[in-house]
Colleague: 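Dumping the structure here so I can ask a few things about it.
Both counts, for ligands and for their atoms, begin at 1 and track the order of listing. Heavy atoms only: backbone and side chains are in, while hydrogens, waters and symmetry mates are out.
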Amino acid sequence: MKVSVIGTGYVGLVSGVCFAEKGHDVICVDADKKKIAQIQQGISPIFERGLEPLLRKHIGARLSATSDLRRAVLDTELSLVAVGTPFSANEIDLGFVRDVARQLGEILREKSAYHVVVVKSTVVPGTTEDVVLPILEEASGKRAGVDFGVGMNPEFLTEGEAVGDFMNPDRIVLGGVDSRTIACLEELYAGFDGVEKLKTNSRTAEMIKYASNALLATMISFANEIGNLGAALGGIDVVDVMRGLHLSNYLSFPTPDGSRRMSGIVSFLAAGCGFGGSCLPKDVKALVAHGRKAGQQMHLLDAVIKVNEHQPEKVISLLKKRLPSLHGVPVAVLGLSFRPGTNDMRQSPAIPVLRALGREGAVLKAYDPAAREDARELFREDSVRICETLAETISDAQAIVLVTRWEEFNGVPELLRQREPQPVFVDGRRMLDKSSFARYEGIGL
Ligand code: NAD
């Protein structure tokens with residue numbers, strides 16, 4: 001199939017490259033000319049395991065990149081819209097989606113062949129039918145479901161695992177306003193075997209994405225609330241509490257060798273310094289705001305956000321238990337990306353943690369295996385030294401704060417073995433064994 005993907009961020013670029021790998025002819029489009037130039041040279045603008053080799057394999061052959069949206073739409077049968085949908089001014093900002101819809105409509109006006117427009121961005125329920133479709137009809141002068149198709153195909157990939165998730169998805173949701181659109185989407189995903197393809201209307205497809213993210217966020221805030229209560233009561237360790245939950249037959253299954261196979265959801269039932277990233281915080285907030293607009297108060301999800309917003313502060317109070325004044329104290333922050341495996345720092349808990357430490361007067365060094373360049377840009381105005389190695393970051397620290405679960409941080413106890421006196425170690429993810437540290441503090445302990 002000939003496919004254009006509009007927006008070459010995490011979702012668009014991964015989708016474009018992976019659809020090329022599945023045998024489609026793909027044109028990636030972005031308004032950002034710098035990104036397009038990089039993609040044309042086989043350089044991935046984002047850090048994502050396995051992405052660049054696939055990009056290099058297909059670019060110039062089944063895959064191309066351009067800023068010329070018109071040419072891309074005229075030369076393809078289906079366009080996936082994968083532009084950003086940030087949360088701003090208390091609701092989802094559909095500005096990029098609206099802009100693209102208008103541009104697509106104008107191009108469809110001059111295209112005689114049937115074309116399908118599919119929203120892949122995460123948009124609040126009703127957006128595809130009530131916002132995108134009318135703009136397309138108005139700008140094209142044509143009718144949806146007759147002259148062109150409109151669909152919604154949410155994306156469930158996780159940054160850091162994006163290529164694997166895309167190539168081997170757990171589910172594929174195909175939403176469309178008519179059966180011809182659904183048929184086109186089925187053709188697009190024909191190469192994905194052994195996975196359930198759920199066909200539904202576009203509003204339901206949109207809601208499935210929000211419900212999925214809201215569930216994960218709820219699990220995290222639930223674990224954090226239990227952990228915070230345990231810490232307040234004393235003598236309770238949230239790691240053991242969560243392990244006790246994970247061992248329930250609802251969440252794990254006995255295997256023939258006597259061990260238990262954990263369900264994937266258990267990784268979200270873990271206390272820490274909060275969830276971040278470009279999706280969970282903004283999507284839960286957008287759903288709450290959308291519910292409120294519809295006259296439906298979202299009490300549970302409101303609380304999920306509130307719990308999350310207070311979690312980074314917990315790290316600071318743990319540190320201050322050991323070091324009441326942080327003024328002039330060298331503090332190392334480990335992990336800047338919102339999760340391991342990515343350089344994405346959007347809404348990362350590392351940002352409020354570093355800013356709060358800065359306000360306390362700490363002398364800051366920070367390290368991340370992947371996000372150093374982005375961090376230098378982000379903290380340009382703040383006095384945070386972004387180091388090149390883990391060893392350098394912690395070399396003179398009186399306190400270390402772990403924010404992201406990067407595997408490399410398993411090496412911290414060894415690096416500190418000869419140090420005297422031992423620094424305070426605050427484990428914002430409960431990642432490392434507390435017995436490896438002389439002065440350990442952890443969330444929910
Ligand atoms: P992103 O910000 O990384 O990328 C968006 C891209 O769209 C940018 O490169 C931008 O230049 C481009 N763009 C904006 N307006 C354009 C226009 N008019 N024409 C062409 N290009 C344009 O965003 P992302 O993280 O890939 O997310 C995209 C959507 O997918 C969002 O709705 C997000 O919620 C959703 N989503 C993201 C993830 C994730 O893990 N990042 C996962 C699932 C769903």
Side-chain angles (χ1 to χ4, degrees), residues 4-18 27-39 44-49 51 65-73 79-88 92-107 117-125 127-128 131-132 135 139 152-166 169-173 205-206 208-210 212-214 216-217 275-287 337-339 341-348 374:
S4 40
V5 183
I6 303 153
T8 60
Y10 285 84
V11 167
L13 184 59
V14 170
S15 306
V17 167
C18 291
I27 307 178
C28 283
V29 186
D30 205 289
D32 183 338
K33 293 203 164 76
K34 207 172 120 202
K35 270 191 191 173
I36 291 300
Q38 282 181 303
I39 297 167
S44 169
I46 52 166
F47 172 82
E48 195 59 61
R49 192 156 30 105
L51 182 60
T66 179
S67 297
D68 186 349
L69 179 65
R70 182 178 165 275
R71 203 55 273 149
V73 173
S79 297
L80 288 166
V81 178
V83 294
T85 48
F87 182 82
S88 60
I92 188 170
D93 178 352
L94 293 172
F96 296 117
V97 173
R98 285 177 201 272
D99 284 352
V100 170
R102 181 148 312 279
Q103 287 170 282
L104 284 173
E106 282 160 10
I107 300 163
V117 175
V118 176
V119 176
K120 208 172 206 346
S121 301
T122 303
V123 291
V124 288
T127 304
T128 303
V131 178
V132 174
I135 295 176
M152 203 286 147
N153 165 227
E155 180 50 56
F156 298 97
L157 63 79
T158 302
E159 285 179 30
E161 317 284 338
V163 173
D165 283 353
F166 197 94
D170 49 5
R171 67 207 122 154
I172 292 171
V173 176
E206 289 160 340
I208 291 170
K209 174 65 190 172
Y210 278 94
S212 302
N213 276 358
L216 302 182
F275 58 80
S278 64
C279 292
L280 292 197
K282 82 159 170 77
D283 290 349
V284 180
K285 284 182 195 166
L287 195 59
S337 56
F338 82 95
R339 74 184 304 278
T342 178
N343 62 339
D344 195 346
M345 289 188 61
R346 289 179 284 183
Q347 304 292 313
S348 169
D374 305 66

Colleague: Can you find an N/O atom of Thr122 closer than 3.5 Å to an N/O atom of ligand 1?
Modeller: yes
Colleague: Could you tell me whether a side-chain N or O of Asp283 sits under 3.5 Å from a main-chain N or O of Thr122, the two making a donor and an acceptor?
Modeller: no
Colleague: Would you check if Thr85 and Phe96 make a side-chain contact, meaning some heavy-atom pair closer than 4.5 Å?
Modeller: no
Colleague: Check whether Ser15 reaches the backbone of Val11 with its side chain - one donor and one acceptor, N or O, closer than 3.5 Å.
Modeller: yes
Colleague: Closer than 4.0 Å to some heavy atom of Lys209 - which atoms of ligand 1 meet that?
Modeller: 43 (C)
Colleague: Is Val29 close to Asp68 at the side-chain level, that is, under 4.5 Å between some pair of heavy atoms?
Modeller: no
Colleague: Looking at Arg49 and Glu161, is there a salt bridge between them, counting it only when a charged N and a carboxylate O are closer than 4.0 Å?
Modeller: yes
Colleague: Is there a donor-acceptor contact under 3.5 Å from the side chain of Lys209 to the main chain of Glu155?
Modeller: yes
Colleague: Can you confirm whether Arg346 sits close enough to Phe338 that some side-chain heavy atom of one is under 4.5 Å from a side-chain heavy atom of the other?
Modeller: no
Colleague: Give the numbers and elements of all ligand 1 atoms closer than 4.0 Å to a heavy atom of Phe96.
Modeller: 14 (C), 15 (N)
Colleague: Starting from atom 30 (O) of ligand 1, what is the nearest protein heavy atom, named by residue and atom, and what distance separates them?
Modeller: Val11 CG2, 3.5 Å
Colleague: To the nearest 0.1 Å, how far is atom 20 (C) of ligand 1 from its closest protein heavy atom, and which atom is that?
Modeller: Ala31 N, 3.2 Å
Colleague: Do Thr128 and Glu206 get their side chains close enough for a donor-acceptor pair, meaning under 3.5 Å?
Modeller: yes
Colleague: List every atom of ligand 1 that sits less than 4.0 Å from any heavy atom of Lys282, numbering the atoms from 1 in the order shown and giving each element.
Modeller: 33 (C), 34 (O)
Colleague: Among Asp30, Val123, Leu13, Asp32, which residue places a heavy atom closest to atom 10 (C) of ligand 1?
Modeller: Asp30
Colleague: Can you name the side chain to side chain contact (heavy atoms under 4.5 Å, CB included) partners of Gln38, sequence neighbours left out?
Modeller: Ile43, Pro45
Colleague: Any side-chain to backbone donor/acceptor pair from Ser121 onto Val83? Under 3.5 Å, distance only.
Modeller: yes
Colleague: Could you identify the single nearest non-hydrogen protein atom to atom 31 (C) of ligand 1 and state the distance to 0.1 Å?
Modeller: Thr85 OG1, 3.5 Å
Colleague: Look at atom 17 (C) of ligand 1 and say which protein heavy atom is nearest, naming residue and atom and giving the distance to 0.1 Å.
Modeller: Val100 CG2, 3.7 Å
Colleague: Quick test of your reading of the structure: of Gly9, Ser278, Gly7, whose heavy atom lies closest to atom 4 (O) of ligand 1?
Modeller: Gly9
Colleague: From the options Arg98, Glu155, Gln103, select the one whose nearest heavy atom is closest to atom 43 (C) of ligand 1.
Modeller: Glu155
Colleague: Go through ligand 1 atom by atom and flag the ones less than 4.0 Å from a non-hydrogen atom of Lys35.
Modeller: 8 (C), 9 (O)
Colleague: Using a strict cut-off of 4.0 Å, indicate which atoms of ligand 1 neighbour a heavy atom of Ala82.
Modeller: 5 (C), 28 (C)
Colleague: Just heavy atoms, cut-off under 4.0 Å: does Leu157 contact ligand 1 by side chain, backbone, both, or neither?
Modeller: both
Colleague: If we set the cut-off at 4.0 Å for heavy atoms, which region of Ser121 has an atom near ligand 1: side chain, backbone, both, or neither?
Modeller: both
Colleague: So, using salt bridge (charged side-chain N to carboxylate O under 4.0 Å, His left out) as the criterion, who are the partners of Arg98 when residues are at least two apart?
Modeller: none
Colleague: Counting only nitrogen or oxygen atoms and a 3.5 angstrom limit, does Glu159 reach ligand 1?
Modeller: yes
Colleague: Give the contacting part of Lys33 toward ligand 1: side chain, backbone, both or neither, where contact means a heavy-atom distance below 4.0 Å.
Modeller: neither
Colleague: Just heavy atoms, cut-off under 4.0 Å: does Ala162 contact ligand 1 by side chain, backbone, both, or neither?
Modeller: neither
Colleague: Side chains of Ser4 and Ser79: donor-acceptor distance under 3.5 Å anywhere?
Modeller: yes
Colleague: Are the side chain of Arg339 and the backbone N or O of Glu159 linked by a donor-acceptor pair below 3.5 Å?
Modeller: yes
Colleague: Which heavy atom of the protein is the closest neighbour of atom 16 (C) of ligand 1, given with residue, atom name and distance?
Modeller: Val83 CG1, 3.7 Å
Colleague: Can you pull out the closest protein heavy atom to atom 24 (P) of ligand 1? Residue, atom name and distance to 0.1 Å, please.
Modeller: Tyr10 N, 4.0 Å
Colleague: Which of the numbered atoms in ligand 1 are below 4.0 angstrom from a heavy atom of Arg346?
Modeller: 1 (P), 2 (O), 3 (O), 23 (O), 25 (O)
Colleague: Which protein heavy atom lies closest to atom 5 (C) of ligand 1, and at what distance to 0.1 Å?
Modeller: Gly84 N, 3.7 Å
